[in-house]
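Below is one structure; the comments refer to it alone.
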Number of protein chains: 2
Amino acid sequence: MSQTQNYIDTTAMFRKYAHSARMLLALDSIVFGFDGEELKLLLIKRNFEPEKGKWSLMGGFLEENEDLELATNRILYDLTGLKDVYFEELKAFGKVDRDPLERTISICFFALINIHAHDQDLAKAQNAFWISLKDRPNLVFDHNEMVDLALERLRYRAALHPIGFELLPEKFTIPQLQKLYEAIYDTPLDRRNFSRKILSTKLLIDTGEKNENSATKKAILYKLDQTKYQSQFNAFHYFMSDASR
Amino acid sequence: MSQTQNYIDTTAMFRKYAHSARMLLALDSIVFGFDGEELKLLLIKRNFEPEKGKWSLMGGFLEENEDLELATNRILYDLTGLKDVYFEELKAFGKVDRDPLERTISICFFALINIHAHDQDLAKAQNAFWISLKDRPNLVFDHNEMVDLALERLRYRAALHPIGFELLPEKFTIPQLQKLYEAIYDTPLDRRNFSRKILSTKLLIDTGEKNENSATKKAILYKLDQTKYQSQFNAFHYFMSDASR
DNA sequence: TTAAAATTGTGTCAAAATAACACGTTTCGA
DNA sequence: TCGAAACGTGTTATTTTGACACAATTTTAA
């Protein structure tokens with residue numbers, strides 16, 4: 001039966017649970033960004049021990065008097081300078097030897113941000129860089145595993161929920177959105193079917209403006225219907241009609 | 001910048017991370033079972049402090065030298081007597097005041113088991129009982145929230161992946177499977193469309209036997225094609241064609 | 001012995017969604 | 001001004017879905 005339910009029998013408020021180990025609780029973040037062409041990761045070139053000089057994810061420790069949710073937001077703010085970042089919990093990583101210095105359980109989450117909106121200075125202060133997924137370096141500890149799983153989860157979630165919008169600027173074109181989906185799934189999509197699929201969700205509002213940065217026909221700039229986005233979030237559609245099925 | 005990345009600069013193996021809090025790490029399990037008619041929860045009538053006498057989920061603490069995965073299996077074994085139980089991680093719960101005695105982070109998971117296969121004696125030894133979801137009592141701490149989320153996740157997952165089979169005996173009929181899905185989604189389904197949908201997945205193998213317990217026409221007993229189940233697990237189908245969309 | 005009731009297996013058909021593909025328009029610059 | 005590149009919209013055959021009907025099996029009661 002080992003240590004299951006090993007509470008000690010006491011009503012005194014300041015007695016503690018017996019026999020069980022206290023350990024460090026880390027929060028590690030996989031931050032995805034999109035620059036219009038490629039999917040990128042915000043990674044840290046470590047200038048501190050352990051594994052100084054190597055690449056890793058951004059992380060931090062949970063404080064004694066800090067809610068988990070709050071700590072996650074704090075870490076994302078420290079890294080990107082952004083508040084109200086979209087993130088989801090990924091998984092807890094807890095192998096005994098995953099951190100060489102001390103037993104540490106990591107609760108891992110992934111975040112999606114608009115790469116242009118985020119504070120580049122803050123990232124530089126953290127020695128962080130945007131790295132294309134395809135040039136992904138080897139990471140310390142079990143961080144490679146974390147990124148693999150985050151990418152898998154991103155694909156899973158983006159196929160069913162409109163989270164891809166979190167990676168785009170406020171106003172965007174349908175071809176830009178398509179490029180994002182092609183980057184996420186690393187596969188080409190049919191332009192016409194994609195457009196029909198996206199428009200059928202009625203999540204996009206035509207701003208009346210056009211993308212002036214184009215060298216050819218200027219595409220319509222849309223924005224997200226925030227109300228519908230919130231309310232339809234869990235009513236899953238297939239956003240991936242062509243591939244990944 | 002608070003405590004983000006507050007590693008101390010040292011190469012000595014036995015130095016520890018500075019300044020950060022160590023805390024208890026609990027593992028709480030939501031165990032779903034199916035008796036042929038209703039979806040049930042395996043709950044504990046607490047005969048220990050804190051909150052003695054009240055209902056709660058089964059849980060335990062992570063040990064110093066124990067992998068997270070291993071601890072989860074240990075706790076499920078202690079509760080059900082089963083090994084190789086199907087489970088998924090749900091979410092980490094970490095509000096500062098969620099446990100009155102001491103700061104405890106709970107990593108929560110939900111498990112699916114065949115209610116008849118599990119060891120009733122072991123459950124009794126833990127003071128655990130199968131409670132119909134509809135008669136769910138109030139639970140201690142944040143356990144209500146955990147169950148709510150687990151049910152939501154179960155519905156989400158079962159709509160896309162064939163995890164429902166984990167709740168059934170090895171041999172089962174299509175009407176039994178339909179009752180399970182109706183219990184999970186709390187909604188009636190069309191018998192004919194359901195059958196067509198399930199058979200189209202080619203996941204079922206006709207055993208040649210029939211359900212002898214029936215008072216009317218005996219339904220065909222199927223078993224799961226384990227090979228296909230494993231390989232197709234992540235190639236999501238809609239298992240819920242009628243409702244929940 | 002037979003008819004009724006309950007349950008199971010299979011089939012039909014119209015509507016909707018999907019996948020593959022075609023055509024015309026806008027924009028810039030050669 | 002003409003061609004190339006990118007954008008917006010349309011067509012059509014096929015597949016999938018949702019709403020049904022009907023026949024077969026088994027037990028029970030008339």
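FYI, side chains are in, hydrogens and waters are out, and symmetry mates aren't considered; it's all heavy atoms of this structure. Chain A is the first sequence line, chain B the second, and so forth, proteins listed ahead of strands; every chain is numbered from 1.
Atom-to-atom, CD1 of B/Ile198 to C1' of D/dT17 comes out at 15 Å; the value is rounded to the nearest Å. To the nearest angstrom, P of D/dG8 lies 9 Å from CG of A/Leu199. Separating the CD atom of A/Gln178 from the C1' atom of D/dT9 is a distance of 15 Å, rounded to the nearest angstrom. Distance A/Leu204 CG to D/dC7 P: 15 Å, rounded to the nearest Å. The CG-P distance, from A/Leu189 to C/dT18, rounds to 14 Å in whole Å. The distance from atom NZ of B/Lys197 to atom P of D/dT16 is 9 Å, rounded to the nearest whole Å. Rounded to a whole Å, the CG atom of B/Asn213 is 12 Å from the P atom of D/dT27. One interatomic measurement links the two molecules: CG of A/Asn193 to C1' of D/dT9, which rounds to 12 Å at whole-angstrom precision.
Geometric assessment of B/Lys179 against the ring of B/Tyr181 yields a negative cation-pi assignment under the 6.0 Å and 45° thresholds. A cation-pi arrangement is absent between A/Lys95 and A/Phe93 under the rule of less than 6.0 angstrom and at most 45 degrees off the ring axis.
By the 6.0 Å contact criterion, CG on A/Asp84 is open, its count of non-hydrogen atoms from other residues, nucleotides or ligands being 12 or less.
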Pairs under 3.5 angstrom, nitrogen or oxygen only, protein versus nucleotides 4-8 of chain C, please.
| from | atom 1 | to | atom 2 | distance (Å) |
| --- | --- | --- | --- | --- |
| C/dT7 | O4' | B/Thr216 | OG1 | 2.8 |
| C/dT8 | O2 | B/Lys217 | NZ | 2.9 |

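Ranking D/dG10, D/dT17, D/dC20 by closeness to the B/Arg192 side chain, first place goes to D/dC20.
Ring geometry, B/His161 versus A/Tyr156: the interplanar angle falls under 30°, so the pair is classed parallel (tilted spans 30 to 60°).
With sequence neighbours left out, A/Lys210 forms a salt bridge (Lys or Arg N to Asp or Glu O under 4.0 Å) with no residue at all.
A distance-only check finds a donor-acceptor pair linking the side chain of B/Gln126 to the backbone of B/Asp78 [under 3.5 Å].
For D/dG18, its base sits under 3.5 Å from the side chain of B/Arg196 at one donor and acceptor pair at least.
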